[in-house]
Structures are given as C-alpha cells and as structure tokens.
A.B. asks: 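This is the structure I want to talk about, given as structure tokens.
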Amino acid sequence: MNWTFVGASTIASQHMIGAVRAQAGGEVTWVVSGAAERAQRWASDHGIAKATQDLSQALADPEVAAVYISSTNEKHHAQTMAAIAAGKHVLCEKPLGLTLAEADEMVAAARDAGVVFATNHHLRCSGSHRAMRALIAEGAVGRVLSLRIHHAVHLPENLQGWRINDASAGGGVIPDITVHDADVARFLLEEDPVDVVAQLASSGMGQGVEDSCMSVWTMPSGAMVMSHESFTHPFAGSGLEIHGTEGSIFARDVMTQMPVGQITLRSASGVREISYSDHSLYVQGVADFYAAVAGTGTPAASGPDGIKSLAVALAVREAAQSGRKVTVAYGDVA
Ligand code: NDP
C-alpha cells in the first residue's frame with residue numbers, strides 16, 4: 001500500500017516511515033509540507049519519491065491508498081477531511097482536532113465514505129499495555145479500585161516549539177499527553193471516564209499554554225483515575241499503577257514510545273514479574289491499520305477512540321480552567 005504523509009514531522013521521521021516500510025509492500029510515496037524547500041529536503045533525506053506543498057496534488061494520485069497525518073494539531077481536521085473526500089484511508093495523529101466538533105466531523109465523514117479512519121494512540125499497541133489489559137481482564141487484580149498514571153516527562157529541546165508556546169496550533173501538555181493518558185485508561189479499564197476535576201500549571205516551559213496538569217477522573221464502575229502529565233520533569237520517569245481488591249500492578253517506564261519498562265504484579269500469592277512482547281509500538285499500530293483496510297481486523301485505536309480521548313482531555317482543561325468538576329461530553333458520533 002502506498003502512503004501520503006502529511007506533515008514533515010519528527011514522529012513521522014523517527015517512527016512512522018519505518019513502521020510503514022515494515023509492512024509487506026508498504027511505502028511512503030509522497031510527503032506534503034507547508035514549505036517547499038523543507039518538503040524536498042525531507043523527501044530526499046528519507047528516500048521518498050515525491051514532495052509537494054499542495055495536498056490536493058498528492059491526494060489526486062490514484063496509486064496512494066492511505067494518508068498519515070502528523071502535522072500540527074490545528075491542521076488535522078482540514079487535512080483529514082480532504083483525504084477522506086479523496087477516498088483515502090486515514091491514520092491521524094492525536095489529538096484528532098482542537099474541538100470535539102472537528103473530531104466528530106472527521107469520524108462521521110470517514111464512516112459515510114466507507115474508508116478506514118484510525119487514531120495513532122501508540123500506547124495501546126505496546127506489549128506492556130496489552131499484557132496489563134489482559135491481566136486486568138482475567139481478574140488478576142480483582143475489582144479495580146484505582147489507576148494512577150505518571151506521565152510527567154521532559155520535553156526534548158527539539159520539540160520545544162509550538163507545543164509550549166502556540167495555543168492556536170494545539171499546544172499544551174493536555175492536548176499532547178493527557179489525551180494519550182485518557183486513551184490508556186479507557187484501554188486498560190475498558191470503560192470511559194464520567195467526570196473529572198483538574199489543576200494545571202506552567203512550571204518553566206509553557207508560554208501561554210500549560211506545561212503541567214494533574215487530574216482525577218471517575219469511571220462508571222466507581223474506579224478512580226489519577227493522572228499527572230508534564231513537560232518539565234527531567235528525572236521523574238513514567239509509569240502507572242493499577243490497584244484492585246485482589247492485587248496491584250506496578251509498571252515503570254511504560255509511558256513511552258519504546259517497548260521498554262518493567263511490570264510487577266503483587267497479590268496474596270507474592271510478587272511476580274510480568275513478561276510481555278517487545279515489538280515496536282508503531283509497527284504494530286500500522287499493522288493493525290493494514291488489517292482494518294484488508295477487512296480482517298480493526299484499528300488499534302479507532303476514530304471513536306480518538307473522539308473519546310479528546311473529549312476527556314478537553315474536559316480536563318475545562319475543569320482546570322473553571323475550578324469545577326466537569327462531566328465528559330462524548331458527543332453523538334462516538
Ligand atoms: P513536529 O514539531 O516535529 O512537526 C510538526 C510540524 O512542524 C511538521 O509537520 C512541520 O510542518 C513543522 N516542522 C517540524 N520540524 C520543523 C523544522 N525543523 N523546521 C520547520 N518546520 C518544522 O511535531 P511532532 O512530530 O512532534 O508531532 C506531530 C503530530 O504528531 C502532533 O499532532 C502530535 O500530537 C503527534 N505526535 C504523536 C505521537 C504518538 O506517539 N502518537 C508522538 C509525537 C507526536 P510541515 O509539515 O508543514 O513542514
């Protein structure tokens with residue numbers, strides 16, 4: 001399958017070109033960038049045949065079946081709508097859009113056009129997260145009481161651009177990381193947050209956008225989720241803990257792009273290290289997308305998953321800004 005990549009981005013160059021090329025017959029044919037010189041250089045650096053500033057030119061190529069969108073967040077909606085209108089399958093980066101209305105429109109358009117639309121939430125593709133989900137589902141921790149997510153990291157210098165200073169591009173730690181954590185909680189616990197309380201801060205990096213956030217979510221089962229995201233924590237490491245009536249799961253360094261980290265299960269029977277598959281998260285995500293296109297599977301994270309993770313993130317920001325508990329609004333499409 002030939003792809004058009006929209007956005008000459010870091011995530012595309014570091015992970016997604018390789019993830020496409022790891023699939024049988026997978027190739028990136030076009031890159032679309034806002035700057036002509038950058039498009040040409042990026043294409044040449046990555047062995048991509050065609051580069052353009054004109055999205056419609058790349059979308060008109062009948063050889064291209066799928067589009068991956070990893071531009072800055074404010075562009076996802078219009079670029080996705082154009083790709084869907086051209087009959088392409090779309091794998092879109094998170095957050096799907098800046099508003100729930102945008103995300104709803106994207107998912108509804110894909111459904112009406114009969115194309116596959118997926119959200120690139122990589123963490124649910126990792127062996128570690130899949131192993132933890134299986135443990136919970138088989139009752140290893142009993143009834144889940146709480147989930148604590150630690151996702152306070154240090155934003156690398158090369159990414160300290162629009163994320164920390166441009167609200168109109170979708171900057172801020174909430175659209176960047178809280179949205180992932182919402183998807184992680186939904187994936188692990190297999191239920192959707194009902195309401196949230198939150199506080200945010202600028203702790204050294206954010207210029208007009210938050211760089212840190214702490215929030216607490218209530219799940220329909222009564223389980224509580226505590227989530228902490230930041231761009232400013234150089235030594236915190238990441239992780240999560242799931243505590244239940246029969247056991248607790250401790251996972252260190254698993255909120256990451258790489259297949260790393262340790263998982264421990266503690267229960268009345270003692271302490272057990274949990275092993276898991278160390279496959280590439282991004283190769284797995286693209287493989288799941290291929291299965292969806294072939295009609296033999298479903299995307300790792302669907303369009304409605306992308307809507308729901310965005311809805312939680314937007315509720316967290318609203319709760320932090322208003323100082324009130326906010327009920328998560330998922331809209332009609334999800
Ligand atoms: P980047 O900042 O690397 O790229 C975003 C856009 O910025 C590019 O499309 C490009 O615009 C422009 N740009 C990038 N580098 C330069 C440069 N050196 N000079 C000039 N312009 C530049 O963003 P990320 O790759 O970090 O993120 C892109 C998207 O992917 C976001 O939506 C983000 O949320 C998501 N993401 C998802 C991850 C995941 O694991 N699912 C991980 C990281 C990001 P143009 O294309 O117009 O040239």
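Note that the structure is a prediction, hence the values are computed from the model and not measured. Positions are given from 1 along the sequence. Ligands are counted one by one from 1 in listed order, and the atoms in each one are counted from 1 as well. Worth knowing before you read on, the calculation uses all heavy atoms, side chains too, and leaves out hydrogens, waters and symmetry mates.
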A.B. asks: Please indicate whether Glu157 has more than 12 foreign heavy atoms, meaning atoms of other residues, nucleotides or ligands, lying under 6.0 Å from its CD.
C.D. replies: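 Not more than 12 within 6.0 Å, no.
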A.B. asks: Hey, is Asp183 close enough to Lys94 for a salt bridge, meaning N to O under 4.0 Å?
C.D. replies: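 No, this pair does not count.
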A.B. asks: Assess the side chains of Ser248 and His243: does a donor N or O sit below 3.5 Å from an acceptor N or O?
C.D. replies: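 On atom types as modelled, these side chains qualify, holding a pair under 3.5 Å.
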A.B. asks: Run the salt bridge (charged side-chain N to carboxylate O under 4.0 Å, His left out) test against Arg272 and tell me which residues pass, sequence neighbours left out.
C.D. replies: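 Salt bridge (charged side-chain N to carboxylate O under 4.0 Å, His left out) check on Arg272 returns nothing, list empty.
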A.B. asks: Around atom CZ of Arg252, are there more than 12 heavy atoms of other residues, nucleotides or ligands at under 6.0 Å?
C.D. replies: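 Buried by this count: over 12 neighbours within 6.0 Å.
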A.B. asks: Do NZ/NE/NH1/NH2 and the carboxylate oxygens of Glu191 and Arg186 come within less than 4.0 Å?
C.D. replies: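 Salt bridge absent between Glu191 and Arg186.
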A.B. asks: Show me, by chain and number, every protein residue that has a heavy-atom distance under 4.0 Å to ligand 1.
C.D. replies: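 Within 4.0 Å of ligand 1, protein side: Gly7, Ala8, Ser9, Thr10, Ile11, Ser33, Gly34, Arg38, Ser70, Ser71, Thr72, Asn73, His76, Glu93, Lys94, Asn120, His122, Leu159, Trp162, Arg163, Asp176, His180, Gln257, Tyr282.
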